[in-house]
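Everything on this sheet refers to the single structure shown next.
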Amino acid sequence: MHVLGGKEIKGFEDVSFSVKRGEFLAIIGSSGSGKSSLLKCMYRTYLADSGSMLYRRDSDNTIDLTTASDHEILRLRRNEIGYVSQLLQAVPRTIALDVIAEPLLQRGIGIDDARDAASGYLSRLRILEDLWDAYPSTFSGGERQRVNIARALIRAPRLLLLDEPTSALDPASTAVVVEMLRAVNHGTTMIGIFHDLSVVRELADRVVVMKDNRMVGIGTPEEIVGDRGD
Amino acid sequence: MMLTELSNLAGTDSGALEGYNFAFLDEFTKREIRRKILKAVAIPGYQVPFGSREMPLAKGWGTGGLQITLSIIGKSDVLKVIDQGSDESVNAVNIRNLVSRMTGVGTTSDTGRATIIQTRHRIPEEPLTGDQIAVLQVPFPEPLRTIEPSEQVTRRMHAEHDYSGMWLHLYEDIVKHGKITIGARYPCLVNGRHLMDPSPIPRWDVPRLHKSPVIHLFCAGREKRIYAIPPHTAVEPLEFEDYRFETEDFGGKVCERCGSSDTFLDEIIDDATGNARYICSDTSFCEKRQRGEDV
Amino acid sequence: MNPAPALEVNNLTKIYGSGCRKCIENTGPDHSRNVCPVCGSVVACADITFDVMPGEILGIVGESGSGKSTIVRCLHFDMEPTGGAAYLRCSGNDSGNENIFLLNSQRKRAVRNLHLGMVYQNPQMGLRLDVTAGGNIAEKLLAAGWQNVEKIRDRGGKLLKRTEIPLERMDEAPRNFSGGMQQRVQIAKALANDPDVLLLDELTTGLDVSVQARILDLIKEIRRSTNAAMILITHDLGVIKLLSERTIVLKDGRIVEMGLTDQILEDPQHEYTQLLVNSVL
Ligand SMILES: Nc1ncnc2c1ncn2[C@@H]1O[C@H](COP(=O)(O)OP(=O)(O)OP(=O)(O)O)[C@@H](O)[C@H]1O
Ligand SMILES: Nc1ncnc2c1ncn2[C@@H]1O[C@H](COP(=O)(O)OP(=O)(O)OP(=O)(O)O)[C@@H](O)[C@H]1O
Ligand SMILES: [Mg+2]
Ligand SMILES: [Mg+2]
Ligand SMILES: [Zn+2]
């Protein structure tokens, strides 16, 4: 029996919600309200103090991300859960193409195939071909952020966590990224933090609102963003 | 009491010098050495420590070989002693005379007639038989000493069959010189287990230890070690698949005395002409060939 | 279903000195010391338990004297642990279910020659400086039974190429090599027999930055191209961040924290780890 994957997160200072498979959940809220912390807890970069986060795997077994072993989390990160950080972590001395190809190499895919796939993402994200074999540490913030996103998308994760993926981008690049995220396979569930409400309107199925480390609302973009009178 | 009787018996026997125990060593010492020989035979190639005695001979001149010979010799034995192939070198003559006077046994230079052959640096050319015993004088019993100064460590290496250091030594030799340059004292694996120093015999003699019908007894008097190759035991020089062990090549030279082309030759530089001459290192063998005997 | 760890270590303890019954309880991070006040023994490490997966790099960080080298040197049989067990579960190792610390010395040597590779903090410990670079690699191959000089040199040449040592220096002794080159020869030697577990002790310490960077890249390449489990010791958090996915934090011979490297760096739980992380930033 195949049940659609669904994810449930309970109790992060009263944060409780669940996300269905393929759903796009946006998180909004003022600076310092705990959005990034919440996302990092899901990725286990932060350890949750209490509560549970239940993630339903492909195989239909459910795993609590707060108590899973480090090895299990690493396996999930390698195969199922992607994360795009707010600040790009550039990989030193590695050209853009290989930064993106690396997750595939880790899975044992050959270098040529991996670079092929990586160049596909780079062109779709409108990174100039001249830059493909340059070091991302020399890139502009926007270019770096796009490399970052490509690196996460190339894994075809089942759950993608996005921490302000468009914050460093100009409107044109933002449009490219939004288009890209919309085009992501419907099997991928996304949880993303956004400041730009127009992006939220375009992408999100539902929106969570954070304030002072608490969740203060959840609803459709129309309900939430509409309520705030944007 | 018993012992005194024994020694009196031996001492008064034909030819042996009066006032000494038969074969010079006292019976306790002989028994100790025989026990150690038995142990050495039981563990081919393993160096057995023993209580080396003071001998009427300077250390380093064959005191080890002499102690073995004196411990195993009996009245019916016939002794041959050679030094680098020669029965007539001073050292060989002295040892032969000493044993003869202390036991009264007969001596010979004929390899075929001897029952015990004590030797330094050579194995006779004439094939030995299972009735004979070869006793080799050994200056340095430890084959690993060239690569490892510590006795404690070399013992561990033998115990664990850890000879990679010696292999590395051979590898480095090949890298530096294009071939293995070890001449005498070529390291050999005995019975697939213990690495052994065959004493400073030339490489020429090494293959003749392999599965030989003869028992070979080795003894280092100064270093107090006995080891043995029992009859029909595998003795394999260390070699690589692509850098094989090779015996000395005399480039087609023949012995100028007997005409042999299949013996280990000594090169002698003629003082007058400066020319090199070649003669058999095994003098008794050479003489036999000169007499036309079939050997 | 899930892959088994390549190496499992349980309660590894090493005490230098006679030791007494109070050694363990009187030392450790809570006492800020590793010397037993009763008997004066050094508790270099105690109750160390962890595992490493094939293909994983496990980082070990901690201040000088915290016991990092002691752990890997026990695992490499360079010294006898006082207590604890380790299991090496890799194909071709017939002692997979035996505590490797209890094997006889001949079998330990076989495990070391066939399944382990070590890069020492100090190249003098890992290399015979007067034996050629190629010979240093050959030693490992010879110990594993290789008997063909050409094949040995071929393998040695490939390893040196991979670690960026010019081939023409293969027959030179590493005594006169630079520190970075010596470290590369050590790595080549450690890789000689395609080890299942690689022990890397401070492999970039004391090298200048550009040399460090290239050695770290080399380790990444090794991670990509082999399935070796690696233990990477360093006191440089940058190295850990770059290379290891999981990290152990050691203090006064004890594990004070173990977790995903990003969690250790961004959300350290133990007071000492917090200090360590903050003193870098
Ligand atoms: N590693 C940390 N250690 C200590 N405090 C932290 C840590 N990470 C976050 N915080 C604190 O937790 C609170 C929430 O931070 P968080 O980064 O989650 O906010 P945010 O909602 O993502 O804000 P922004 O919109 O500015 O990115 C802040 O007060 C922050 O200072
Ligand atoms: N042979 C020895 N005898 C006594 N004490 C020792 C010995 N070797 C190490 N120690 C002690 O054991 C403790 C741990 O040493 P170890 O070398 O494992 O530390 P480390 O974490 O590797 O340090 P570093 O970062 O300086 O290399 C130290 O207190 C050290 O002084
Ligand atoms: Mg944030
Ligand atoms: Mg150390
Ligand atoms: Zn002749």
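Just so we're on the same page: letters track the sequence lines, and every chain starts at 1. Bear in mind the structure is a predicted one, so any value in this text is a computation, not a measurement.
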Task: Distance, nearest 0.5 Å, that separates CE of Met53(C) from CG of Asp70(A) - done: 10.0 Å

Task: Glu221(C), CD atom: more than 12 neighbouring heavy atoms under 6.0 Å - done: yes

Task: Pairwise distance CD(Glu56(C)) to CG(Leu74(A)) - rounded to 0.5 angstrom - done: 6.5 Å

Task: Residue pair Asp267(C) / Lys40(A), side-chain heavy-atom distance below 4.5 Å - done: no

Open item on the list: Does any part of the side chain of Lys220(C), heavy atoms only, come nearer than 4.5 Å to the side chain of Thr94(A), both counted from C-beta?
Closed with: yes

Open item on the list: For the backbone of Leu260(C) and the side chain of Arg44(A), can you confirm whether one donor and one acceptor N or O come within less than 3.5 Å of each other?
Closed with: no

Task: chain C contact via Arg78(A) - side chain, backbone, both or neither, heavy atoms under 4.5 Å - done: side chain

Open item on the list: Taking every non-hydrogen pair under 4.5 Å, which of Ala213(C), Pro268(C), Pro5(C), Gly55(C) racks up the most with chain A?
Closed with: Ala213(C)

Task: From Asp49(A) atom CG to Gln269(C) atom CD, the distance as rounded to the nearest 0.5 Å - done: 7.5 Å

Open item on the list: Restricting to non-hydrogen atoms, name the atom on Arg93(A) and the atom on Leu242(C) that form the minimum distance, rounded to 0.1 Å.
Closed with: NH2-CD2, 3.9 Å

- [ ] Look at Arg77(A) together with Asp262(C) and state whether they make a salt bridge at an N to O cut-off of under 4.0 Å.
- [x] yes

Open item on the list: Let's test your reading of the structure: which of Glu102(A), Gln106(A), His71(A) forms the most heavy-atom pairs below 4.5 Å with chain C?
Closed with: His71(A)

